[in-house]
Amino acid sequence: MRELIIEGHMGAAYGHRNTPVSALLTAYHAEKKPRWSVSTIEQNQRMGAFFIEAMGDLALGKIDRSTIKAYHSKLQEIPTNLHRVKNKHPTLDLDGLIKLAAQEGLELIREARANVYAEKMGEAFVWAKVNGYMTDNPAANIAATTNKPTTSKREKRDDFDAATLERIFNQPWFLEGKGQPTKSGRYYSFQPCYYWMPLLALYTGARLNEIAQAHLKDVTQTDAGQWYLDLTRWGTSGCFPN
């Protein structure tokens, strides 16, 4: 009788209660593939794979609000440069790397970045609900339910005021795109990164370590044709693994 009640409550999702989340993601990505760009497909696949690495290949019937909250909290215990830390400690699994980060006081993922990963899973769960795999989206409004500070005391810094920014970006290499000349007429060493990295930091708010590890393919477009810098490509952009 109890199973009949549960089946009646879950409807079509009852038949998928033991379906692993990996199978759901495979079906979700397969349907979206014709409409998504290559970079969007890769991004979603990476984020889905990371959920499985962090939480296991859970059956859909086992994924609830507490699962997503636990995932969101776990993300914020992970070192920012996880790909690099993994390379230094190849024998450690994700939980081991989290312990290492706590022991060594490594910089951790910010809440805003954790929100992106949790909400990306939420998009998959919305599709799952529409297609009868799940009864609801356990990741709905996950960012709005968290009250943790978005920055640690170590991360807090004074903002640049307008006068300081004006002094910085009135330097010759920003105005002319080249270094200052010496008395001999030669220019001081000048590289494109000296020009582009501060400008990208100014306009995107990204950290320098993220910008420094970005690739040309990270400059991409939405389905509507809007250009953007894809800093959620963790691993290729230095934050999360592939």
Side-chain angles (χ1 to χ4, degrees), residues 21-22 25 29 37-57 68-121 124 142-143 146 148-157 160 189 191-220 228-242:
V21 67
S22 60
L25 293 173
H29 296 152
S37 66
V38 173
S39 62
T40 299
I41 294 168
E42 291 176 350
Q43 179 193 76
N44 278 266
Q45 289 176 336
R46 278 195 300 273
M47 289 185 174
F50 192 79
F51 176 83
I52 294 171
E53 181 179 1
M55 306 304 293
D57 196 4
I68 304 304
K69 286 185 176 180
Y71 178 51
H72 189 267
S73 296
K74 192 169 190 176
L75 285 166
Q76 294 174 80
E77 298 174 349
I78 293 169
T80 298
N81 294 307
L82 183 58
H83 188 68
R84 188 181 304 166
V85 177
K86 271 189 169 184
N87 287 339
K88 291 183 179 179
H89 305 276
T91 61
L92 294 180
D93 60 11
L94 186 61
D95 288 335
L97 294 170
I98 289 174
K99 291 179 181 179
L100 177 70
Q103 292 169 355
E104 298 190 1
L106 302 180
E107 182 181 358
L108 305 179
I109 292 301
R110 296 182 182 182
E111 184 179 5
R113 188 58 65 107
N115 290 344
V116 172
Y117 262 53
E119 289 170 352
K120 187 59 66 175
M121 287 302 300
I142 188 66
T146 58
K148 294 176 67 176
T150 56
T151 56
S152 65
K153 291 181 179 179
R154 182 179 60 182
E155 292 174 323
K156 290 181 178 179
R157 302 176 178 88
F160 286 115
S189 175
Q191 299 179 30
C193 61
Y194 297 165
Y195 177 81
W196 288 110
M197 287 185 64
L199 287 173
L200 286 169
L202 175 67
Y203 284 103
T204 67
R207 288 169 289 177
L208 290 182
N209 71 316
E210 294 174 321
I211 296 171
Q213 298 182 68
H215 296 268
L216 183 60
K217 64 183 178 180
D218 295 328
V219 181
T220 186
Y228 67 97
L229 183 59
D230 189 0
L231 293 179
T232 61
R233 294 169 61 85
W234 297 348
T236 56
S237 295
C239 293
F240 267 53
N242 293 323

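Between Thr40 atom OG1 and His29 atom NE2 the span is 11.0 Å, to the nearest 0.5 Å. Between the CD1 atom of Ile78 and the CG atom of Leu106 there is a distance of 12.5 Å, given to the nearest 0.5 Å. Put simply, CZ on Phe51 and CG on Leu75 are 9.5 Å apart, with the number rounded to the nearest 0.5 Å. Note that OH of Tyr117 and CD of Gln76 are 14.0 Å apart. Values are rounded to the nearest 0.5 Å. Taken from CZ in Phe50 to CE in Met55, the straight-line distance is 11.0 Å, to the nearest 0.5 Å. Note that NZ of Lys86 is 13.5 Å distant from CG of Asn81, once rounded to the nearest 0.5 Å.
The two atoms that bring Tyr71 and Ala54 nearest to each other are CE1-CB, 3.8 Å, heavy atoms only. Considering every non-hydrogen atom in both Leu25 and Gly48, the closest pair reads CD1-CA, 3.7 Å. Considering all non-hydrogen atoms of both residues, Ser39 and Thr220 come closest at OG-OG1, 3.1 Å. In terms of heavy atoms, Gly56 sits closest to Val21 at O-CG1, 4.3 Å.
Here the side chains of Met121 and Met47 are not in contact, with every heavy-atom distance at 4.5 Å or above. The shortest side-chain heavy-atom distance between Leu82 and Leu94 falls under the 4.5 Å cut-off.
Judged as a side-chain hydrogen bond (donor to acceptor under 3.5 Å, both in side chains), and not counting sequence neighbours, the contacts of Lys74 are Asp95. Shown here are the side-chain contact (heavy atoms from CB on, under 4.5 Å) partners of Leu92, two or more places apart in sequence or in another chain: His89, Leu97, Leu100.
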Problem - side-chain contact (heavy atoms from CB on, under 4.5 Å) between Asn115 and His72, intermediate numbers included - result: CA-CA 7 Å; Asn115 290 344; His72 189 267; 2.5 Å; yes

